[in-house]
Amino acid sequence: MAKLRALIIGVSEHTSISANNLPFCKNDIFAVKQAFIQGLKVDPSELFLCGAMGTVTAAEVISALHHLSDISEEDDSILLYFSGHGTTVTDSHYLVLSDQLIKTQELIKYLDNINAKNKVLFLDCCLAGNFTVDGTAVFNINESVDEFAGRGYAVLASCNAQQYSYGHPDKPISLFTSFLCQALTHNLVIKEGKKSLNDIHKLLFMLLEIWNKNNPTQVQTPVYRANMGGTIYFDVQEYHLYVAEKFFSECESYIIYSVEPVHSAIAKRFSVQVILKQPMSFSEIAVINHEIVQTVKYLKIYENKEQEEKWENKSANLVFCYFGLDETDMINTNYLCHTTWADETQDKNQWYPLYKNCEVIDDIHFNVHSYYESLKSFTEEHTATKEKVIVETRVIITRMVTLAEQIISLYNEYLNGTKSESDFKDDMARITPELSKLYFAETDLDISPNDLIEWSQLCSNLAGTIHDFTLYYGQNSFSKRTPENRKACMDMSIRQYYKDLEKLKAIDSSL
């Protein structure tokens, strides 16, 4: 079973090397220890501290790193936190211990080589942004999404390569560590029982941005770099997914294939898929439509607990039925017609419009799909084998994901302040043509067989989200969006990209 382990280092005592002592660093390690336990549910037995008495030697750090390496396994996650002096010597950044310096880049390299799936390094020291990461994640066509997502390392630094890190003016700990502990423990970032590294780092950056606006003489611009595929999701809270009830019923002349809740704030509504087992006129369909309404109107099917509490034991106000001739029609959402039944509380002028191909029969509104046969024929002619769809989709998706990781890395450098918006725009101009070509190739793939529809749809969703990256920093966007809007949209798309990867993990590994 994968474990989450942490090494926490705080160096307060520097007398032997004639550097200023930092008393609050000793406090930092206990604050971070508590934040890791409370916020990320790290088992206390998997926490290792260096510096509880103030002094930390190179031998202690090396021994702790070797121990961490020895006990770690390939699915584990490792957190490493450092608080103390940082300095730059001939362009290289070093962490200052009680007896000597350790080169930051060598620490990152050692951490990367530990046999664990992912590692996160938190640096709270001066000039901390003076480091590099080894490229960006590459999605190999022969690996699953589960193997790719969350693999690699990330570094969160308290300031850029030219700035100092400060102590907190009102707390006996450092400024960055105070905000880091808030970000780690805040319930705002819990989604479905999990916290993502992306949401933690975004909240941390927001807290520091607020500080910087209010304290222009003590600005700390945090830096985030990673070569990790996707992000890490930490399980922090017991979560029970609300599972909607399922309903299936077979009669002599039709099958109720599924009933889905589509309730709104003001109406209880069901969407019903129906397979006709024999040819019927629309008048006959109207008769069975009324039967279906009576069957489903009191069903206890809801999307969440709130809907259940609101609509329990109440009759449906609206029932939408979708009629097809076989299961393939249901899976591909290709219907002969769809109907609407509305009760007397609803405005039937709204729900029963008489457009082209529409009519009302026995108080059931019909919308007849004239394209049914042509779409069914097209689907049959263009449905590929499972093997063909998987291979062709993987070729496109793996490349799109690899490009997405490159874009996110470049975008982070823009946020880090090492790249201007104009530079990032130029980067996007270079990547966008290939990304758009891949996206349109994905939309032009053959139709998936029925047992691959869900996987294919998730891949299509992921491709669409990645293509959204191209919408905000093109030439047209600069005339229509503000820099703040561009950032907000990009951040939302990146968050959705991570969610899409996470959704794809379980089903992808089962192929």
Side-chain angles (χ1 to χ4, degrees), residues 93 108 120-124 127-137 152-165 175-176 179-180 182-184 186 188-189 195-216 218-232 403-432 435 465-466 468-474 477-478 481-499:
H93 190 264
I108 293 172
V120 185
L121 174 59
F122 302 95
L123 295 175
D124 190 353
L127 316 177
N130 185 14
F131 69 90
T132 61
V133 299
D134 186 19
T136 57
Y153 68 88
V155 184
L156 263 165
S158 59
C159 59
N160 67 29
Q162 291 80 40
Q163 292 173 332
Y164 296 107
S165 285
L175 183 72
F176 175 80
F179 291 137
L180 173 62
Q182 286 187 52
L184 289 168
H186 206 298
L188 174 68
V189 295
K195 289 181 181 178
S196 76
L197 178 62
N198 179 66
D199 284 343
I200 291 168
H201 119 243
K202 288 298 182 184
L203 178 56
L204 172 61
F205 276 35
M206 184 187 77
L207 294 170
L208 274 161
E209 183 180 7
I210 294 169
W211 164 268
N212 291 339
K213 289 181 182 298
N214 294 324
N215 299 273
Q218 290 186 317
V219 169
Q220 286 187 215
T221 305
V223 170
Y224 176 84
R225 296 190 179 106
N227 70 354
M228 183 182 296
T231 190
I232 306 171
L403 290 175
E405 295 294 339
Q406 292 178 16
I407 290 171
I408 292 170
S409 178
L410 293 165
Y411 177 67
N412 282 333
E413 290 308 317
Y414 163 47
L415 299 182
N416 292 338
T418 63
K419 183 184 288 290
S420 69
E421 187 179 48
S422 178
D423 290 336
F424 180 58
K425 177 187 172 187
D426 292 341
D427 292 329
M428 289 302 300
R430 173 175 52 83
I431 297 173
T432 292
L435 197 56
T465 297
I466 294 172
D468 285 348
F469 292 178
T470 68
L471 303 178
Y472 316 125
Y473 289 91
S477 298
F478 271 70
R481 300 177 185 270
T482 64
E484 293 75 19
N485 178 261
R486 286 191 283 272
K487 284 183 181 179
C489 291
M490 192 67 176
D491 286 341
M492 286 189 291
S493 291
I494 291 172
R495 185 177 291 110
Q496 186 60 49
Y497 163 71
Y498 292 145
K499 290 170 64 177

*NE2-CG distance between His186 and Leu204, expressed to the nearest 0.5 angstrom*: 12.5 Å
*Check whether any side-chain heavy atom of Phe131 sits under 4.5 Å from a side-chain heavy atom of Val223, and report yes or no.*
yes
*Flag side-chain contact, heavy atom, 4.5 Å: Tyr498 against Leu197*: no
*side-chain contact (heavy atoms from CB on, under 4.5 Å) involving Ala128 - partner list, sequence neighbours excluded*: Leu123, Cys125, Ala157, Ser158, Cys159
_I'd like to check Asn412 versus Arg225 (side-chain heavy atoms, cut-off strictly below 4.5 Å). Are they in contact?_
no
*Is the side chain of Thr136 donor-acceptor paired with the backbone N or O of Ser409 at a distance under 3.5 Å, no angle test?*
no
*Does a side chain donor of either Asn416 or Glu413 reach within less than 3.5 Å of an acceptor in the other side chain?*
yes
*asked:* I'd like to know if the side chain of Trp211 reaches the main chain of Gln218, judged simply by a donor and an acceptor atom lying under 3.5 Å from each other, with no hydrogens or angles considered.
replied: yes
*Find out whether Glu405 and Tyr497 are in side-chain contact, i.e. whether some heavy atom of one side chain is under 4.5 Å from a heavy atom of the other.*
yes
Under 3.5 Å, which donor-acceptor pairs do the side chains of residues 485-494 form with other protein atoms, sequence neighbours left out?
from	atom 1	to	atom 2	distance (Å)
Asn485	OD1	Arg481	NH1	2.9
Arg486	NE	Glu421	OE2	2.8
Arg486	NH1	Ser477	O	3.4
Arg486	NH1	Arg481	O	2.7
Arg486	NH2	Glu421	OE1	3.2
Arg486	NH2	Glu421	OE2	3.3
Asp491	OD1	Lys202	NZ	3.1
Asp491	OD1	Tyr411	OH	2.9
Ser493	OG	Tyr472	OH	2.7
Ser493	OG	Cys489	O	3.2

*State, yes or no, whether a side-chain contact exists between Leu156 and Phe205 at a heavy-atom distance under 4.5 Å.*
yes
_Validation row: Ile108, Tyr153 side chains within 4.5 angstrom (heavy atoms)_ = yes
*Compare all side-chain heavy atoms of Asp423 with those of Tyr414 and state whether any distance is below 4.5 angstrom.*
no
*asked:* Taking the side chain as everything from C-beta on, heavy atoms only, tell me whether Ile466 gets closer than 4.5 Å to Leu403.
replied: no
